[in-house]
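These values consider heavy atoms only, across backbone and side chains, with no hydrogens, waters or symmetry-generated copies.
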Amino acid sequence: MSSERYVLALDQGTTSSRAILFDQSGNPRATGQRELTQIYPAPGWVEHDPEEIWFTEQAAVHDALVRARVSPSQIAAVGITNQRETVILWDRTTGRPIRNAIVWQCRRTADLCDALRQQGYEPLIRAKTGLVLDPYFSASKIAWTLDQTPGLRERAEKGHIAFGTVDSWLVYKLTGGRLHVTDVSNASRTMLFDISRLRWDDELLDLFRIPRSLCPEVRASSGTVGLTDPSLFGAEVPIAGLAGDQQAALFGHGCIEPGMAKNTYGTGSFLLMNTGFEPVSSQNGLISTVAWQVGDTVQYALEGSIFTTGAVVQWLRDELKIIGRAEETEALAQSVDDTGGVYFVPAFAGLGAPHWDSQARGAILGLTRSTNRAHLVRAGLESIAYMTRDVLEAMSRDSGRPLDALRSDGGAIKNNFLAQFQADILGIPVERPRITESTALGAAFLAGLGTGFWPSLDALQEVRGVERTFEPALDPETRQQLYGGWQKAVGRITG
Ligand code: ADP
């Protein structure tokens, strides 16, 4: 066993708990991963067992340490990144959860959110939190738990109950119940946090009838918040990085200057753009959120998601059955010069930002007798790039900042055709990083920076590294013509 030191990133996601050990060069040296049971008690409801979140995370850490043959004393710091918004309430005396975690995807509080909208509270909520009034965020889930659990409100009012997002819960468990904290990025997803003043907001707490004593103390995203309980790993390790998963990914991509953005191309996509030191209020239905706090510096981001991106490829494979494997789409798309005028708008579940048309449904337009499957596949991949441009343009308009480069991760951007077309249609370079674990790397960066494992933000840029940069190669006229065609196609399916 060497004496090399590592940063341990805990990546607690919706479907699994992971642990990754990063060395000083930023290389992931070992990973542990355990699946998490999804509990569906009713249509549209999603829960997790908080104890299982903790046990699977511990098991993942154990697996990573054994695989890397690393002893806990070699861990310089722990960073945590997590599924956001998910709500856990626990008893401060016993440390036991009150009930299952209510997961971000859970729609059980749709009626409560509708009622607040009808009462005219949406502008107030938006102005203070940067969020849209939706069951997704934590506040209505906490309110539901207080209303639906007999006797809980009284116990909460007496200060016996704690609320936390998953980061809070993990820190509580890791410190043997000594700390009840969260960081600014996670707090900004609760709908109870004033993102300008950076504090829990009494008016919002009153609106959702949530006693202030439930809330964790809010800390910076980087810097030691506490030490792990020695009984856990056999060593006291500083917990020094906390951030929600998308914000951690933005940090892991090194998007630390205003105007820098990342897109994660998974089943759907998450786009975030660093907007600097003040929150930006969006005119296009995007979310404004805290990116992180490092030292005294707080940075903000605009966030938008696209419902269907990699899922287009799954649809071509599983429903149309015109490809066998996702990887085939690259060569097929490259086998034709263009789509022959075909546009594919994959609005399977409506269109999100910046169109916001939940009634819209998908369409394939511009078919001719000579359209073949390569054209269709190419149009499917191109749609991912067009939808990304739609959101990035909205972000640029909202923030008044031009985009200089797009950083990318996720399964679908392994596709070289897509990456090149994305650069072409944006007219800016698209970067694919050397280390594709951007989310876990971001948590490791925050923890490593907070403990001096990495000395500065500049050092992190060196560690990060780029696998490949795709430079735009399309002339501006063709770019505009293609994008104009897309906008027309979108116009045909929106109301
Ligand atoms: P998630 O985290 O949402 O499960 P991943 O980041 O694992 O997603 O990416 C999986 C998605 O990427 C799937 O929708 C799949 O269709 C798509 N995908 C994977 N490989 C390719 C490829 N070579 N070309 C295009 N799409 C791909």
Side-chain angles (χ1 to χ4, degrees), residues 263 265 267-269 271 283-286 304-320 322-323 326 329-330 332-397 403 406 412-413 415 417-428 430 472-495:
N263 188 12
Y265 297 82
T267 313
S269 278
L271 286 106
Q283 307 304 312
N284 295 285
L286 299 168
S305 50
I306 310 174
F307 308 137
T308 307
T309 54
V312 175
V313 175
Q314 288 165 259
W315 185 77
L316 293 170
R317 184 191 60 199
D318 302 339
E319 257 58 50
L320 282 199
I322 59 173
I323 52 165
T329 56
E330 181 174 327
L332 261 173
Q334 284 164 341
S335 72
V336 285
D337 290 339
D338 52 39
T339 66
V342 174
Y343 285 94
F344 178 176
V345 191
F348 299 145
L351 281 171
H355 312 288
W356 294 112
D357 186 343
S358 59
Q359 302 301 319
R361 288 297 174 263
I364 299 173
L365 299 101
L367 298 173
T368 64
R369 182 62 186 81
S370 59
T371 303
N372 62 34
R373 86 184 165 116
H375 294 121
L376 281 187
V377 164
R378 183 168 173 136
L381 291 176
E382 288 188 355
S383 76
I384 299 174
Y386 289 130
M387 292 186 287
T388 300
R389 175 162 168 184
D390 287 346
V391 175
L392 288 173
E393 285 211 338
M395 287 178 168
S396 272
R397 278 200 301 277
L403 193 67
L406 179 67
I413 205 68
N415 188 308
F417 168 80
L418 174 59
Q420 183 58 53
F421 188 76
Q422 184 70 83
D424 286 345
I425 215 64
L426 288 171
I428 56 167
V430 171
L474 206 61
D475 64 275
E477 249 167 63
T478 315
R479 177 185 314 135
Q480 261 333 99
Q481 198 187 334
L482 286 172
Y483 188 58
W486 163 259
Q487 289 176 309
K488 239 197 235 163
V490 169
R492 297 281 286 275
I493 65 155
T494 49

Please report the interatomic distance [atom1]([X]) to [atom2]([Y]), rounded to the nearest 0.5 Å.
X	Y	atom1	atom2	result
Leu426	Leu392	CG	CG	6.0 Å
Phe421	Glu382	CZ	CD	3.5 Å
Asn372	Ser335	CG	OG	7.0 Å
Gln487	Leu482	CD	CG	11.5 Å
Met387	Asn263	CE	CG	10.0 Å
Leu332	Arg373	CG	CZ	4.5 Å

So, do [X] and [Y] sit near enough that their side-chain heavy atoms are less than 4.5 Å apart?
X	Y	result
Arg317	Val313	no
Asp390	Tyr483	yes
Val377	Val336	no
Val490	Leu351	yes
Phe344	Leu316	yes
Leu286	Pro354	no

### Message
Applying salt bridge (charged side-chain N to carboxylate O under 4.0 Å, His left out), can you list everything that pairs with Arg389, at least two apart in sequence or on another chain?
### Response
Glu393
Residues in side-chain hydrogen bond (donor to acceptor under 3.5 Å, both in side chains) with [X], at least two apart?
X	result
Thr308	none
Thr329	Asn415
Asp424	Gln420

### Message
Under a 3.5 Å distance rule, please check whether Trp315 uses its side chain to pair with a backbone N or O of Pro346 as donor and acceptor.
### Response
no
### Query
Is a donor on one side and an acceptor on the other found under 3.5 Å between the side chain of Thr388 and the backbone of Ile384?
yes
### Task
Could you please spell out the steps behind the side-chain hydrogen bond (donor to acceptor under 3.5 Å, both in side chains) verdict for Tyr265 and Gln422?
CA-CA 11 Å; Tyr265 297 82; Gln422 184 70 83; 2.8 Å; yes
### Task
Mind jotting down which residue pairs meet the salt bridge (charged side-chain N to carboxylate O under 4.0 Å, His left out) criterion with at least one end in residues 475-485? Sequence neighbours excluded, please.
none
Grab the two heavy atoms, one from [X] and one from [Y], that are nearest each other, plus how far apart they are.
X	Y	result
Ala333	Leu381	CB-CD1, 3.8 Å
Gln314	Thr267	OE1-CG2, 3.6 Å
Tyr343	Ala489	CB-CB, 3.8 Å

Could you list the donor-acceptor pairs under 3.5 angstrom formed by side chains in residues 357-368, with sequence neighbours left out?
| residue | atom | partner | partner atom | Å |
| --- | --- | --- | --- | --- |
| Asp357 | OD1 | Gln359 | N | 3.0 |
| Asp357 | OD1 | Ala360 | N | 3.1 |
| Asp357 | OD2 | Gly495 | N | 3.0 |
| Arg361 | NH1 | Ser358 | O | 3.0 |
| Thr368 | OG1 | Ser370 | N | 3.3 |
| Thr368 | OG1 | Ser370 | OG | 3.2 |
| Thr368 | OG1 | Thr371 | OG1 | 3.4 |

### Task
Determine the interplanar angle of the Tyr386 and Trp486 rings, folded into 0 to 90°, and report it as parallel if under 30°, tilted if 30 to 60°, perpendicular if over 60°.
parallel
### Task
Go through the steps for Ser383 and Val312 under the test side chain to side chain contact (heavy atoms under 4.5 Å, CB included), then give the verdict.
CA-CA 9 Å; Ser383 76; Val312 175; 4.2 Å; yes
### Query
Does a sphere of radius 6.0 Å around CG in Asp337 hold more than 12 heavy atoms from other residues, nucleotides or ligands, not counting ones at 6.0 Å or beyond?
no
